[in-house]
There are 2 protein chains.
Amino acid sequence: MNLKELATQLGLSPTTVSRALNGYPEVNEATRERVMAAAKRSNYRPNTRAIRLATGRALAVGHVIPIATRHEIVNPIFADFIAGAGETYSRNGYDMLLSVVADETEETTYRELKLRGAVDGVIVHSPRREDPRIALLNDIGLPFVVHGRASGSALPYNWVDVNNRRAFHRATEFLLDLGHLRIALINGLEYMDFALRRRSGYVDALAARGIAADARLMTSDQMTEVAGFQAAQAMLATADPPTAFLVASMISAMGVRRAIEAAGLVMGRDVSVIIHDDDLSYLKNGDAVPIFTATRSSVREAGRLVAEMLLDVIATAPTAPTHRLLEAELIIGQSTGPAPGRG
Amino acid sequence: MNLKELATQLGLSPTTVSRALNGYPEVNEATRERVMAAAKRSNYRPNTRAIRLATGRALAVGHVIPIATRHEIVNPIFADFIAGAGETYSRNGYDMLLSVVADETEETTYRELKLRGAVDGVIVHSPRREDPRIALLNDIGLPFVVHGRASGSALPYNWVDVNNRRAFHRATEFLLDLGHLRIALINGLEYMDFALRRRSGYVDALAARGIAADARLMTSDQMTEVAGFQAAQAMLATADPPTAFLVASMISAMGVRRAIEAAGLVMGRDVSVIIHDDDLSYLKNGDAVPIFTATRSSVREAGRLVAEMLLDVIATAPTAPTHRLLEAELIIGQSTGPAPGRG
DNA sequence: GAATCATCTCAAACCGCTTTGGATGCTTCA
DNA sequence: TGAAGCATCCAAAGCGGTTTGAGATGATTC
């Protein structure tokens with residue numbers, strides 16, 4: 001069932017039927033209702049391919065997911081982020097196009113998406129410091145919103161980000177208030193922008209209390225259970241071990257907890273831990289009482305917001321860039337307590 | 001730059017240029033090379049929208065991700081599965097279309113995808129027993145491949161699945177061989193087909209040694225850390241606690257481990273644990289020596305295979321359905337040991 | 001009663017590609 | 001020598017919508 005059939009069946013021209021269905025004013029209300037009814041009755045759905053060609057719009061948004069070829073890790077927050085964004089697209093009649101590509105072919109992927117006219121805009125994931133994608137997308141003229149920020153970028157751009165700096169600043173202060181003096185940072189990879197900001201929040205909070213950051217208490221690695229375990233184990237084995245850990249993710253923290261327990265210590269009593277909790281649906285931080293004290297910000301909600309911003313950018317093509325800074329909440333769980341000897 | 005421009009620029013008709021680029025035989029080799037060169041020079045990419053309309057093919061595959069409205073959990077294996085499938089699509093010039101929908105609107109989503117002509121086929125995720133989607137997709141004539149199986153389905157269908165039954169049968173036998181008699185099953189939700197098969201493997205292996213399954217040692221729930229913790233904690237608190245756990249996922253198992261340690265026991269010594277390991281990129285089961293003894297099967301590889309099968313089905317429209325059964329390997333880690341008192 | 005106008009509808013062009021059904025010129029073979 | 005065959009190329013008709021520009025109709029105004 002296509003427009004033409006529907007039109008002849010109604011004794012109308014395709015033009016009128018099209019206009020009736022798309023809410024144009026120059027069609028009689030009675031006619032419109034007749035058309036609407038017939039469309040519903042015969043279960044008519046306009047062919048997306050035809051609409052796209054005719055209007056020149058893709059009615060689709062691209063998410064390019066680069067997979068680092070060195071360490072083939074998909075970001076664990078990805079599923080929830082996509083779920084959030086997907087809701088927004090569904091509600092607005094947009095399709096979500098996913099491209100999973102090796103990171104060295106990422107640039108050509110964006111260019112092709114544009115040349116082929118496959119999408120109206122894209123979401124930029126996991127921005128790095130001075131991320132080259134910002135200049136690239138500006139250059140090829142593809143609307144985009146960044147999930148996160150890219151410090152040092154010369155050009156303005158749209159973004160939605162968590163205030164990672166403040167979150168880790170607050171978390172560090174919280175540990176300092178509990179009397180911890182040797183606080184370790186188990187950070188994500190520090191070419192990632194969010195990791196840089198978190199470190200700066202941590203370092204600054206220490207500095208504000210006159211404590212110099214100790215390089216031996218800072219690691220930066222993939223946010224996996226194993227990496228968290230190894231980093232924490234190594235630190236706990238030193239002569240002057242940390243009494244608290246600031247950990248970049250729930251998954252890393254599971255490794256940290258394993259190391260703490262392997263060392264015969266008790267988390268929350270001997271060693272405190274604060275994590276950043278992305279509020280992943282499949283990895284909740286406990287229920288009534290959180291397992292980990294955490295800075296929390298829902299990545300799914302971020303997905304929704306990023307998608308909404310992009311659709312808005314596509315629709316209105318604003319000249320000035322839009323920003324949205326989300327604050328993480330600090331929630332108290334069972335993994336923190338006073339520094340040993342201060343109880 | 002479109003076909004017509006390129007054609008006039010070359011002094012050829014659009015027909016010839018199209019044929020030259022698409023490898024049709026009725027064009028002079030010299031002409032073809034000239035066209036190819038010009039296309040590359042002017043960075044020509046055919047407009048996907050136009051190709052789609054002209055050929056009637058969507059050149060896209062749909063993944064419909066239902067989000068259960070009761071418990072809004074995205075499947076943690078999803079990211080890796082998508083990554084695997086995405087690689088296949090990229091290699092073959094297909095787009096991947098993701099629809100995140102509330103599960104009660106799943107049926108209409110499939111219907112719309114078909115009516116709108118948005119995809120050439122779909123992947124069915126997380127099949128349940130007698131999954132209605134199989135009849136539905138047959139009915140609306142949308143090619144599909146199921147990741148998993150749907151026991152009790154009257155109709156034949158294409159699938160790629162892990163031999164869950166055998167995996168859990170072997171794992172149970174392995175624990176029995178170690179002298180464990182009270183083996184608990186922390187299963188996924190048992191309206192999911194994979195969970196049913198796992199339980200049947202477990203129950204049958206026990207029965208083969210003359211052990212009747214004990215309902216108090218079997219739970220079926222969402223595969224989250226918290227659910228794993230609660231289930232294990234409750235069982236360990238009984239008068240006749242299990243000495244071993246068979247756990248459906250890495251994430252559940254982290255909760256089980258937490259419960260074991262909270263009970264003052266040591267995993268691998270006092271209590272054994274075997275998990276099913278989907279080999280998620282962001283949640284590796286240790287490195288050289290696995291943390292958990294596990295039945296392992298890469299879900300990313302499964303994603304690749306499912307996607308390949310679907311593209312094949314789309315291309316060749318075979319009459320008989322295709323199947324692919326993957327065997328999980330049993331890998332020995334640090335979480336299993338002889339039953340206490342049998343050391 | 002003619003001119004004006006608003007309202008409703010339609011024919012046809014267009015989006016950018018594929019594909020059918022020739023057309024053309026050249027070679028081959030009886 | 002003429003018909004058949006072959007290698008190349010092209011014009012034009014789709015694909016299924018949207019959109020422009022114009023026509024028909026009936027009501028309103030003067």
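Every heavy atom of this structure was used, including side-chain atoms; hydrogens, water molecules and symmetry mates were not. Keep in mind it's a predicted model, so treat the numbers as computed, not measured. Every chain is numbered from 1, with letters handed out A, B, ... down the list of sequences.
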Pairwise 5' ranking along DNA chain D for A:Ala54 and B:Leu12, keeping only the more 5' one: B:Leu12
Polar pair under 3.5 Å, donor/acceptor by atom type, side chain A:Thr15, base D:dT18: no
Separation of atom CZ in A:Arg52 from atom C1' in D:dT18, rounded to whole Å: 15 Å
Nearest-Å distance for atom pair CD/P, residues B:Glu33 and D:dT8: 13 Å
Atom-pair distance (NZ on B:Lys4; P on C:dC17), nearest Å: 10 Å
No-hydrogen, no-angle side-chain donor-acceptor test under 3.5 Å, A:Ser13 and A:Thr16: yes
Side chain of A:Ser13 - closest among C:dC10, C:dT19, C:dT20: C:dC10
Shortest side-chain distance from B:Pro46, nucleotide among C:dT9, C:dC17, C:dT19: C:dC17
Touch class at under 4.0 angstrom, heavy-atom based, for A:Gly11 against every strand present: sugar-phosphate
Parallel, tilted or perpendicular, as decided by the 30° and 60° cut-offs, for the rings of B:Phe81 and B:His147: parallel
Residue B:Asn28, side-chain atoms from C-beta onward, closest of D:dG16, D:dT8, C:dC8: D:dT8
A:Tyr24 side-chain N/O to C:dC8 phosphate OP1/OP2 under 4.0 Å: no
CZ (A:Arg324) with more than 12 external heavy atoms under 6.0 Å: no
Integer-rounded Å distance: C:dT9 P and A:Glu26 CD: 11 Å
A:Arg116 CZ: over 12 foreign heavy atoms closer than 6.0 Å: yes
Rounded distance in Å - CZ (A:Arg49) to P (D:dT18): 15 Å
Between D:dG16 (P) and A:Leu21 (CG): distance, integer Å: 17 Å
Phosphate contact (D:dC15 OP1 or OP2) by A:Asn47 side-chain N/O below 4.0 Å: no
Whether B:His323 and B:Trp159 hold their rings parallel, tilted or perpendicular, with breakpoints at 30° and 60°: parallel
Nearest-nucleotide pick for B:Arg19, side chain only, options being D:dG16, C:dG21, C:dT9: C:dG21
Touch class at under 4.0 angstrom, heavy-atom based, for A:Leu53 against every strand present: base
Rounded interatomic separation in angstrom, taking CG from A:Leu3 and C1' from C:dC10: 14 Å
B:Asn2 CG - C:dC14 P separation (whole Å): 14 Å
Pair of N/O donor and acceptor under 3.5 Å linking D:dT8 base with B:Thr16 side chain: no
Sugar-phosphate only, base, or nothing, as touched by B:Thr55 at under 4.0 Å among non-hydrogen atoms: sugar-phosphate
Mutual orientation of the aromatic rings belonging to B:His125 and B:His63 [parallel < 30°, tilted 30-60°, perpendicular > 60°]: tilted
Sugar-phosphate, base or nothing in reach of B:Ile51, heavy atoms under 4.0 Å: sugar-phosphate
